[in-house]
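Okay, structure first, notes after.
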Protein chains: 2
Amino acid sequence: MISESKKKKISESTIRRLSLYYRVLSILEKENYETVSSKELAKREKLTPAQVRKDLSFFGSFGTRGLGYPVSELKKQIAEILGLNRGWNVALIGVGNIGSALVGYKEFQRQGFNIKLIFDNDQRKIGSNHKGIIVSDIRNLESDLKENNIQIVVVAVPATVAQYIVDDVVKAGIKGILNFASVNLKVPDDVFLRNENMSMELEYLSFALSNLKDVKGES
Amino acid sequence: MISESKKKKISESTIRRLSLYYRVLSILEKENYETVSSKELAKREKLTPAQVRKDLSFFGSFGTRGLGYPVSELKKQIAEILGLNRGWNVALIGVGNIGSALVGYKEFQRQGFNIKLIFDNDQRKIGSNHKGIIVSDIRNLESDLKENNIQIVVVAVPATVAQYIVDDVVKAGIKGILNFASVNLKVPDDVFLRNENMSMELEYLSFALSNLKDVKGES
DNA sequence: AACCGCATGTGAATCTATTCACAAATGCTA
DNA sequence: TAGCATTTGTGAATAGATTCACATGCGGTT
């Protein structure tokens, strides 16, 4: 909101680091820090101070020379940038292994992601109660998503059906999708799709352990 | 094993893309493709042909000019590079929401990651059976890890205790750790730590949806 | 009110990753 | 076996991200 002509494009890495800063700031706030330097912030997430300052500088100048950044204020600013304090209506599709875990995942609520609807196609699951939410029939997907003003959909269905599901999700006008299925989904250009590929990090470990020589480590 | 003096360091992005290639090749193999071009491979994971060729070229030359890459052979080669066909003994710590989901996550076994041990500190969970594995007492962590020749540990415990757990894991001589707790863990330089931060992707979506203008989308 | 120490904010320099572009090699066909 | 259509493999060029380095400005102190 601050700068009106922001034509600079922010890199993905910067955004991901904002998430990290946000997390650290939450902790610092609890530890009653008033201010924090880029040096300290960097140390806590194993980054460099210059990186921290550069990242933040894309969005404004939040610090005070000689002092550092005001913890609570900066946290608020980053929440604003990331859109975390507006609250998001989320729907989850698929109540299998991963789906069930996500329903109970506290971290999501904490960040303003509220799971409002859960879908499945299994008659035995439909109607059952998961943490206070009744599982809906996938056949009502499109209308339910619209009626409940859902903004983000989390897909946790088998890879074989994920594309069909996502096609329907897109039809319902959803613009943000988080996919846990291990498959590359096609969506229109105006839909944001992010993939959570849990095997990938294990495979990275596998590679690192198999090639100890030429690898640094750390995510 | 092929080249002896591989002093070139492979970038993290390249390794992550190898995972993607591996996934596509598995599918192509099932679809009975004999060969595949860098163009087709690229299309299936929304990358560029040059990127695919460059990535593979770091490890050798697997293709045939004019023809493309032999699907099964390349898949085998990538498995070798990533260390996927040797099989890994994995231990899971924490049988909460996420931990339970991971025990049943088929994708892991498929890639050669075999969960051999499960730990928890909750007396009600210890001794119980999860998909054929009896939950062990966290107090036996160090000895159990050693006795069972565990190579990779997956940490799915609350953020507040994750560092203590990891310290013990490191003491047991484990060199590969996958962390699901939302906290930055400290480990020695010779230990590979990867973080799976599930909120991060949602936060990215939140940012993208809040700033539709200056964002491209896609993970 | 002048000084000192500290830490930000940011252009410039460097380093890294991606893409380009083309020579080299292969299979196929006639 | 010669020619054509492909597609690899890779240096060189480009684009992008990170780090450097320092002028700038703030707070505290005397």
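Quick note on labels: first sequence line is chain A, next is B, and so on, each numbered from 1.
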- Note on the structure: B:L74 atom CG is separated from D:dT7 atom P, nearest whole Å, by 16 Å

- Message: Between A:T64 and A:S11, which residue's closest nucleotide on DNA chain D lies nearer the 5′ terminus?
- Response: A:S11

- Over how many whole Å does the gap from A:F62 atom CZ to D:dG25 atom P extend? 19 Å

- Query: When rounded to the nearest 0.5 angstrom, what distance separates CG in B:L82 from CG in A:L202?
  - Reply: 12.0 Å

- note: B:R16, atom CZ; C:dT18, atom P; distance rounded to Å ~ 12 Å

- May I have the distance from A:R53 (atom CZ) to D:dG25 (atom C1'), rounded to whole angstrom? 14 Å

- Message: Testing the basics here: between A:I165 and A:L141, what is the closest heavy-atom pair and its distance to 0.1 Å?
- Response: O-CD2, 4.3 Å

- Message: In whole Å, I'd like the distance from the CD atom of A:E12 to the P atom of C:dA17.
- Response: 15 Å

- Task: Establish, with yes or no, whether the OP1 or OP2 oxygen of D:dT24 is under 4.0 angstrom from a side-chain nitrogen or oxygen of A:R65.
- Result: no

- Message: How close do B:E29 and B:S72 get, counting heavy atoms only, and between which atoms?
- Response: OE2-OG, 2.9 Å

- Message: Mind checking if A:K54 touches a base, just sugar-phosphate, or nothing, with heavy atoms under 4.0 Å?
- Response: base

- Within less than 4.0 Å of OP1 or OP2 of C:dG9, is there a side-chain N or O belonging to A:S61? yes

- So, is A:Q51 near the phosphate of D:dA17, with a side-chain N or O under 4.0 Å from OP1 or OP2? no

- Message: Can you work out whether A:L47 or B:S37 has the more 5'-proximal nearest nucleotide on DNA chain D?
- Response: B:S37

- Query: Could you state the CG-C1' distance from B:D55 to C:dT16, rounded to the nearest angstrom?
  - Reply: 14 Å

- Message: From CZ of B:F59 over to C1' of D:dG9, roughly how many Å is that when rounded to an integer?
- Response: 15 Å

- In whole angstroms, how far is the P atom of D:dC26 from the CG atom of A:L67? 11 Å

- Message: Students often get this wrong, so: under 4.0 angstrom with heavy atoms, is B:S38 touching a base, only sugar-phosphate, or nothing?
- Response: sugar-phosphate

- Short side-chain N/O contact from A:Y69 to OP1 or OP2 of C:dG9, under 4.0 Å: yes

- Scanning both residues in full, the closest heavy-atom pair of B:I93 with B:V157 reads O-CG1, 3.5 Å

- Considering non-hydrogen atoms only, spot the tightest contact between B:A101 and A:N97 and give its length. CB-O, 3.4 Å

- Task: Look at the side chain of B:A50 and decide which nucleotide, out of C:dC20, D:dC26, D:dT8, has an atom nearest to it.
- Result: C:dC20

